[in-house]
Amino acid sequence: MIAAALRVGILRGGIRPPGCRRPQLGWAYAAQDAQREGRGMGSGTAVHQLSHPAWPEAAQINGGFGVDFSQATADVGSGVALVARKILSHGVTSFCPTLVTSPPEVYHKVLPQIPVKSGGPHGAGILGVHLEGPFISREKRGAHPEAHLRSFEANAFHDVLATYGPLDNVRIVTLAPELDRSHEVIQALTARGICVSLGHSVADLQAAEEAVQSGATFITHLFNAMLPFHHRDPGIVGLLTSDRLPPGRHIFYGMISDGTHTNPAALRIAHRAHPQGLVLVTDAVPALGLGNGRHTLGQQEVEVNGLTAYVAGTKTLSGSIAPMDVCVRHFLQATGCSVEAALEAASLHPAQLLGLEKRKGTLDFGADADFVVLDDSLHVQATYISGELVWQAEEAKQ
């Protein structure tokens with residue numbers, strides 16, 4: 001979810017977005033497609049005569065409601081549109097559809113069908129695709145099918161293009177920095193404005209630091225699918241407190257705050273070590289919004305039992321079935337952080353990661369008027385895109 005969060009308090013009258021009735025007692029928060037700029041009308045700032053500030057999502061969502069973004073169907077666009085419409089109720093105003101490791105023919109067929117698109121009544125906007133794999137570690141592949149994993153060949157970036165096809169619609173690429181020639185690829189991707197994320201990796205801290213020096217700016221679902229923290233070599237996790245990053249740059253890192261993927265103590269450790277870089281992600285799989293049973297995730301089957309999704313027949317976690325608003329509430333409870341900090345992790349920080357903080361995740365002048373209205377317990381009451389009401393809870397219509 002990419003959105004800005006802003007606490008405005010109990011308001012009496014004043015300016016309200018079109019179609020929005022007078023707010024009830026409580027707090028209003030605004031969230032936008034990416035994040036808030038951090039000054040002016042920022043989080044924690046009282047705003048007089050403005051009813052609702054705003055938010056937007058997801059650096060990582062693999063599908064939902066039976067739609068699998070990694071399936072090369074004849075009409076991928078209609079499936080993406082369905083998910084875009086459904087996640088409005090979760091307060092998501094924009095997102096990055098994610099493709100897991102797949103054969104080249106799947107990328108070539110699917111990617112052209114997911115163009116960057118503005119949000120509106122039809123659904124959340126698309127910021128660009130997140131390609132998670134296939135250039136990742138076999139040892140830490142998680143739910144990614146081993147048969148389709150790849151390494152970089154002699155002409156590394158040419159191999160990337162041959163695998164994915166045109167990168168026009170791509171916003172994020174996850175790769176393992178320990179792969180040979182990865183730095184060449186990181187530099188080529190970042191030169192094209194694509195965010196490089198480190199994940200599904202056995203990299204030590206030095207390899208991770210060198211990747212950041214080459215241009216990587218993100219960590220895919222911290223703690224999951226990487227070497228565990230070790231006091232003599234903390235691995236990728238060590239980037240949170242590294243003193244070898246380029247001057248003026250800090251690392252962003254995704255966390256799946258669903259109560260399953262990351263222990264509350266681990267959430268607290270990461271947040272307290274580097275709160276400004278934490279980005280809440282759902283890592284939602286196509287089973288999001290469905291019940292128990294078997295569903296797909298790319299080239300594999302996933303089995304859902306209660307709140308957990310595994311690769312069928314194994315105990316390997318295969319993503320989450322928790323929507324963004326649930327992740328925000330769990331993160332707030334687990335860390336004890338302020339409400340503003342929890343909402344910024346789902347809005348401001350992802351916007352900053354993607355370089356969208358001038359127009360997303362903020363209510364500053366010139367920014368997109370994307371926002372959500374939340375009740376005291378942070379349940380979504382209404383979602384707005386460009387100042388227009390695009391979803392409203394039944395109880396809010398009373």
Chemist: Answer whether the closest heavy-atom distance between the side chains of Glu153 and Ser151 falls below 4.5 Å.
Modeler: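 Yes, side chains in contact.
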
Chemist: Output the rest of the hydrophobic cluster of Leu317: all Ile, Leu, Val, Met, Phe, Trp and Tyr residues reachable through side-chain heavy-atom contacts under 4.5 Å, sorted by chain and number.
Modeler: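 Answer for Leu317: Tyr310.
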
Chemist: Got a sec: does the NE2 of His230 have more than 12 other heavy atoms crowding it under 6.0 Å?
Modeler: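 Atom NE2 in His230 is crowded, with more than 12 foreign heavy atoms closer than 6.0 Å.
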
Chemist: Roughly how far apart are Ser377 OG and Arg329 CZ, rounded to 0.5 Å?
Modeler: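 Ser377 OG to Arg329 CZ: 7.0 Å, rounded to 0.5 Å.
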
Chemist: Are Leu179 and Phe157 linked, directly or through other ILVMFWY residues, by side chains that come within less than 4.5 angstrom of each other?
Modeler: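 Yes, Leu179 and Phe157 fall within the same hydrophobic cluster.
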
Chemist: Please step through side-chain contact (heavy atoms from CB on, under 4.5 Å) for the pair Ile172 and Thr98, ending with a clear verdict.
Modeler: CA-CA 9 Å; Ile172 305 173; Thr98 302; over 6 Å; no

Chemist: Step by step, work out the side-chain contact (heavy atoms from CB on, under 4.5 Å) result for Arg141 and Thr101.
Modeler: CA-CA 9 Å; Arg141 65 185 182 278; Thr101 293; over 6 Å; no

Chemist: Just to verify, which of Thr282, Leu127, Val80 counts as forming a side-chain contact (heavy atoms from CB on, under 4.5 Å) with Phe95?
Modeler: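 Checked Thr282, Leu127, Val80 against Phe95; only one passes side-chain contact (heavy atoms from CB on, under 4.5 Å): Val80.
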
Chemist: Please check if Leu99 and Val302 belong to a single hydrophobic cluster, counting links between Ile, Leu, Val, Met, Phe, Trp and Tyr side chain heavy atoms closer than 4.5 Å.
Modeler: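 No, separate clusters.
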
Chemist: Where the side chain of Gln381 meets the backbone of Asp375, is there a donor-acceptor pair that is under 3.5 Å apart?
Modeler: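 Looks like no, no N/O pair under 3.5 Å.
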
Chemist: Checking Leu175 against Ile186 for the side-chain contact (heavy atoms from CB on, under 4.5 Å) test, could you report, in this order, the C-alpha distance in whole Å, the side-chain angles of both residues, the deciding distance, and whether it holds?
Modeler: CA-CA 9 Å; Leu175 55 78; Ile186 293 170; 4.2 Å; yes

Chemist: If you define the side chain from C-beta out and look only at heavy atoms, does anything of Tyr253 sit under 4.5 Å from Val279?
Modeler: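 Not touching, per the 4.5 Å side-chain cut-off.
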
Chemist: Answer whether the closest heavy-atom distance between the side chains of His144 and Pro134 falls below 4.5 Å.
Modeler: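 Counting from C-beta outward, His144 and Pro134 never come under 4.5 Å.
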
Chemist: So, do Val83 and Phe69 sit near enough that their side-chain heavy atoms are less than 4.5 Å apart?
Modeler: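 Answer yes - side chains close enough.
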
Chemist: Within a strict 4.5 Å, meaning less than it, do heavy atoms of the Ile219 and Phe252 side chains meet?
Modeler: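 In short, these two side chains do not touch, never coming nearer than 4.5 Å.
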
Chemist: Show, in sequence, the C-alpha distance, side-chain angles and deciding distance for His379 and Glu395, and conclude whether the side-chain contact (heavy atoms from CB on, under 4.5 Å) test is met.
Modeler: CA-CA 11 Å; His379 289 85; Glu395 60 268 26; 5.9 Å; no

Chemist: Checking Thr73 against Asp75: is there a side-chain donor and acceptor pair closer than 3.5 Å?
Modeler: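 No, no side-chain donor-acceptor pair sits under 3.5 Å.
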
Chemist: Using ring centroids (six-membered ring only for Trp), state whether Phe229 and His231 fall under 6.0 Å.
Modeler: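 Aromatic pair excluded; centres sit 6.0 Å or further apart.
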
Chemist: If hydrophobic clusters are built by linking Ile, Leu, Val, Met, Phe, Trp and Tyr wherever their side-chain heavy atoms come under 4.5 Å apart, do Leu332 and Leu343 end up in the same one?
Modeler: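 Cluster IDs for Leu332 and Leu343 match.
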
Chemist: Who else is in the cluster with Val326 when I, L, V, M, F, W and Y are joined by side-chain contacts under 4.5 Å?
Modeler: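 Members alongside Val326: none; it stands by itself.
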
Chemist: So do the side chains of Gln276 and His274 get within less than 4.5 Å of each other, counting heavy atoms only?
Modeler: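 Counting from C-beta outward, Gln276 and His274 do come under 4.5 Å.
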
Chemist: Would you say Ser70 and Leu297 make side-chain contact, with heavy atoms under 4.5 Å?
Modeler: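 When only atoms from C-beta onward are counted, Leu297 and Ser70 do not touch, as no gap falls below 4.5 Å.
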
Chemist: Hey, quick one: are Leu227 and Phe135 part of the same hydrophobic cluster, counting side-chain heavy atoms closer than 4.5 Å, chains of contacts allowed?
Modeler: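 No, separate clusters.
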
Chemist: Can you confirm if the aromatic rings of His261 and His221 lie within a centre distance of less than 6.0 Å?
Modeler: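 No, they do not, as the ring centres are separated by 6.0 Å or more.
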
Chemist: Any non-hydrogen side-chain atom of His183 less than 4.5 Å from a side-chain atom of Gln213?
Modeler: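 No, side chains not in contact.
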
Chemist: Hey, mind stepping through Asn62 and Asp283 against side chain to side chain donor-acceptor pair (under 3.5 Å) and telling me if it holds?
Modeler: CA-CA 6 Å; Asn62 306 290; Asp283 198 25; 3.0 Å; yes

Chemist: Could you measure the distance from the CG atom of Leu354 to the CZ atom of Phe218? Nearest 0.5 Å is fine.
Modeler: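 If I round to the nearest 0.5 Å, the distance is 8.0 Å.
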
Chemist: Using a distance-only test with no angle check, is there a side-chain donor-acceptor pair under 3.5 angstrom linking Ser102 and His148?
Modeler: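 Their side chains do not contain a donor-acceptor pair, so the 3.5 Å distance test is not met.
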
Chemist: For atom CD of Glu303, is the number of surrounding heavy atoms from other residues, nucleotides or ligands below 6.0 Å larger than 12?
Modeler: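 Yes, CD of Glu303 has more than 12 neighbouring heavy atoms, counting only those of other groups under 6.0 Å.
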
Chemist: Spell out, yes or no, whether Val106 and Leu149 are grouped together once hydrophobic residues are joined by side-chain heavy atoms under 4.5 Å, including indirect joins.
Modeler: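 Each belongs to a different hydrophobic cluster.
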
